[in-house]
Q: 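Below: one structure in structure tokens.
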Amino acid sequence: MSYLHDLDPARIPRHVAIVMDGNGRWAAQRGLPRTKGHEAGERALYDVVEGGLEIGLPYLSVYAFSTENWDRPASEVRFLMNFNRSLIRARRDELHERGVRIRFLGRRDWRLPRSVQREMEVAERLTGRNERMHLVIALNYGGRAEILDAVRVLLDDRRRRRVRGERITERSIGRRMYLPDVPDPDLLIRTSGEMRTSNFLLWQAAYAELWFTPVLWPDFDREHLFEAIRDYQKRERRFGGVG
Ligand code: IPE
Ligand code: IPE
Ligand code: MG
């Protein structure tokens, strides 16, 4: 456990969010179909979960499928839905034994197949009392969609009480996000060299520290996670103040 020597246990982030990107390019580099890249990403995800458990990370969020990903070819969308369904089913017992609470972030609308939603519900129920780590899987998630949904709920609530616009606060919007109890991400990681957030945790990541790596998601592992956290621990977070 040599890496722990230079991680400050008192400054482990509460919440790390990851945009798991580069599966398609990883496959293309090997002359494989894109789907093989998604399959290879599974190992990376579970290694990172193990790494998170090792260092006592309380919240880990991963971007698995965005509201924009529906625009991909139908065959890839179908593959990803089947893949996520079998992944949830295959791993939930093991995650449960490790004390992981599995949660899902995103819209549970008609686009998300019923069979996938059923597996999600089983995983949530099975692991609902676990506290060691929250694993938040963003599936059919978009940051703008989430803010829009929050505003819709807010207006529906408020109309009944005739509350004026100026009474609406950041807190009243934040409370209506999909998982309001999950703390804002401290550190947002994106793999594959792309330097954008692609609509991930748009509201919550306002003050997240960003960390980018050219490593493609299937090649990512817990050592990369520790490297990102090591970097994070050297930064000064000012939140608009003067430090
Ligand atoms: C990330 O890998 C996985 C999903 C978005 C589902 P990509 O499929 O985006 O891989 P690249 O970016 O095309 O390499
Ligand atoms: C972001 O990756 C979404 C996920 C990782 C699930 P994309 O590959 O979809 O993002 P863009 O299109 O490059 O911005
Ligand atoms: Mg991509």
Side-chain angles (χ1 to χ4, degrees), residues 15-49 52 59-91 102-109 111-113 115-117 119-120 123 135-148 177-179 182 185 187-205 208 210-221 224-225 228:
H15 182 180
V16 174
I18 307 182
V19 180
M20 309 183 288
D21 196 19
N23 297 350
R25 278 162 283 170
W26 183 92
Q29 283 175 1
R30 288 160 179 77
L32 298 169
R34 294 176 53 84
T35 51
K36 291 290 168 197
H38 299 314
E39 283 174 1
E42 182 177 352
R43 184 212 51 82
L45 174 58
Y46 288 95
D47 199 65
V48 166
V49 169
Y59 292 86
L60 173 65
S61 297
V62 292
Y63 206 2
F65 192 91
S66 75
T67 47
E68 289 69 40
N69 289 148
W70 296 108
D71 294 336
R72 293 190 177 197
S75 58
E76 182 169 346
V77 169
R78 208 174 315 117
F79 173 87
L80 284 168
M81 287 300 139
N82 289 332
F83 180 62
N84 280 307
R85 181 179 53 222
S86 46
L87 199 141
I88 297 162
R89 197 199 308 232
R91 297 284 192 156
I102 304 172
R103 309 183 69 180
F104 294 93
L105 182 73
R107 269 192 186 158
R108 303 211 187 173
D109 60 12
R111 289 195 291 188
L112 204 55
S115 60
V116 177
Q117 296 196 37
E119 299 301 335
M120 291 162 65
L135 174 62
V136 178
I137 302 174
L139 202 61
N140 193 19
Y141 176 83
R144 287 187 174 179
E146 182 182 30
I147 295 169
L148 171 62
M177 293 289 149
Y178 296 139
L179 299 175
V182 172
L187 171 62
L188 192 144
I189 295 173
R190 183 171 187 148
T191 58
S192 87
E194 307 294 357
M195 299 201 191
R196 53 180 173 266
T197 56
S198 299
N199 207 12
F200 194 33
L201 300 174
L202 202 52
W203 177 273
Q204 298 86 343
L210 307 179
W211 195 81
F212 299 102
T213 173
V215 172
L216 302 174
W217 178 250
D219 293 327
F220 195 88
D221 63 20
H224 297 106
L225 171 70

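Read the numbers this way: they start at 1 and go in the same order the structure lists the ligands and their atoms.
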Q: What part of Leu216, side chain from CB on, backbone N/CA/C/O, both or neither, has a heavy atom under 4.0 Å from ligand 1?
A: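 Contact part for Leu216 vs ligand 1: neither.
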Q: Is a donor from one side chain sitting under 3.5 angstrom from an acceptor on the other, for Thr197 and Arg190?
A: no
Q: What atoms in ligand 2 come closer than 4.0 Å to a heavy atom of Phe65?
A: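 That gives atoms 6 (C) of ligand 2.
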Q: Do Ser192 and Arg25 pair up side chain to side chain, a donor and an acceptor below 3.5 Å, judged on atom types alone?
A: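 There is such a pair (donor and acceptor under 3.5 Å, judged by atom type) between the side chains of Ser192 and Arg25.
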Q: I want to know if ligand 1 touches Arg34 in the polar sense, i.e. an N/O pair below 3.5 angstrom.
A: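 Between Arg34 and ligand 1 (N or O atoms, distance only) the closest approach is under 3.5 Å.
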Q: For atom 14 (O) of ligand 2, find the nearest protein heavy atom and state the residue, atom name and distance (0.1 Å precision).
A: Ser198 OG, 2.6 Å
Q: List every atom of ligand 1 that sits less than 4.0 Å from any heavy atom of Asn69, numbering the atoms from 1 in the order shown and giving each element.
A: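 By the 4.0 Å cutoff, the relevant atoms are 5 (C).
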Q: For Arg196, take its heavy atoms, then give the atoms of ligand 2 lying under 4.0 Å from any of them.
A: 11 (P), 13 (O), 14 (O)
Q: In this structure, which one of Val136, Leu179, Val19, Leu188 forms a side-chain contact (heavy atoms from CB on, under 4.5 Å) with Ser61?
A: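 The single option meeting the side-chain contact (heavy atoms from CB on, under 4.5 Å) with Ser61 is Val136.
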Q: Nearest 0.5 Å, what's the CD1-CD1 distance between Ile189 and Ile18?
A: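 Output value for this atom pair is 4.5 Å.
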Q: Does the side chain of His15 come under 3.5 Å of the side chain of Gln204 through a donor N or O and an acceptor N or O?
A: no
Q: Short list, please: which atoms of ligand 1 are under 4.0 Å from a heavy atom of His38?
A: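 Listed by number with element: 3 (C), 8 (O).
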Q: Does an N or O from Gly24, backbone or side chain, lie closer than 3.5 Å to an N or O of ligand 1?
A: yes
Q: Which distance, rounded to the nearest 0.5 Å, do you find between the OH of Tyr178 and the OH of Tyr141?
A: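 Tyr178 atom OH to Tyr141 atom OH measures 7.5 Å (nearest 0.5 Å).
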Q: For ligand 1, indicate whether the residue Arg72 contacts it via side chain, backbone, both or neither (heavy-atom separation under 4.0 Å).
A: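 Under 4.0 Å from ligand 1, Arg72 contributes side-chain atoms alone.
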Q: Can you name the atoms of ligand 1, numbered from 1 with element, that are less than 4.0 Å from a heavy atom of Met20?
A: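 Under 4.0 Å from Met20, ligand 1 has these atoms: 1 (C), 3 (C).
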Q: To the nearest 0.1 Å, how far is atom 2 (O) of ligand 1 from its closest protein heavy atom, and which atom is that?
A: Asn23 N, 3.2 Å
Q: Please tell me if the side chains of Leu80 and His38 come closer than 4.5 Å, counting only heavy atoms from C-beta onward.
A: yes
Q: Shortest non-hydrogen contact from Leu216 to Gly22?
A: CB-O, 3.9 Å
Q: Under a heavy-atom criterion of less than 4.0 Å, does Ala64 contact ligand 1?
A: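 Under 4.0 Å: yes for Ala64.
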Q: Could you tell me whether Arg72 sits above the aromatic face of Trp70, with NZ or CZ closer than 6.0 angstrom to the six-membered ring centre and within 45 degrees of the axis?
A: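 Checked: cation-pi criterion not met.
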Q: Should Gly22 be listed as contacting ligand 1, given a heavy-atom distance under 4.0 Å as the test?
A: yes
Q: Is ligand 1 less than 4.0 angstrom away from at least one heavy atom of Glu194?
A: no
Q: Would you mind listing which atoms of ligand 2 come within a distance below 4.0 Å of any non-hydrogen atom of Val19?
A: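 Per the distance check, 1 (C), 5 (C).
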Q: From atom 12 (O) of ligand 2, is the closest protein heavy-atom distance below 4.0 Å?
A: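 Within 4.0 Å of atom 12 (O) of ligand 2, no protein heavy atoms are found.
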Q: I'd like the atom name of the N/O/S atom in Asp21 lying closest to the Mg ion (ligand 3).
A: OD1
Q: Are Arg85 and Glu119 close enough for a salt bridge, meaning some N to O gap below 4.0 Å?
A: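 Between Glu119 and Arg85 there is no salt bridge, as every charged N stays at least 4.0 Å from the carboxylate O atoms.
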Q: Would you check if Val77 and Phe65 make a side-chain contact, meaning some heavy-atom pair closer than 4.5 Å?
A: yes
Q: Look at atom 7 (P) of ligand 1 and say which protein heavy atom is nearest, naming residue and atom and giving the distance to 0.1 Å.
A: Asp21 OD1, 3.6 Å
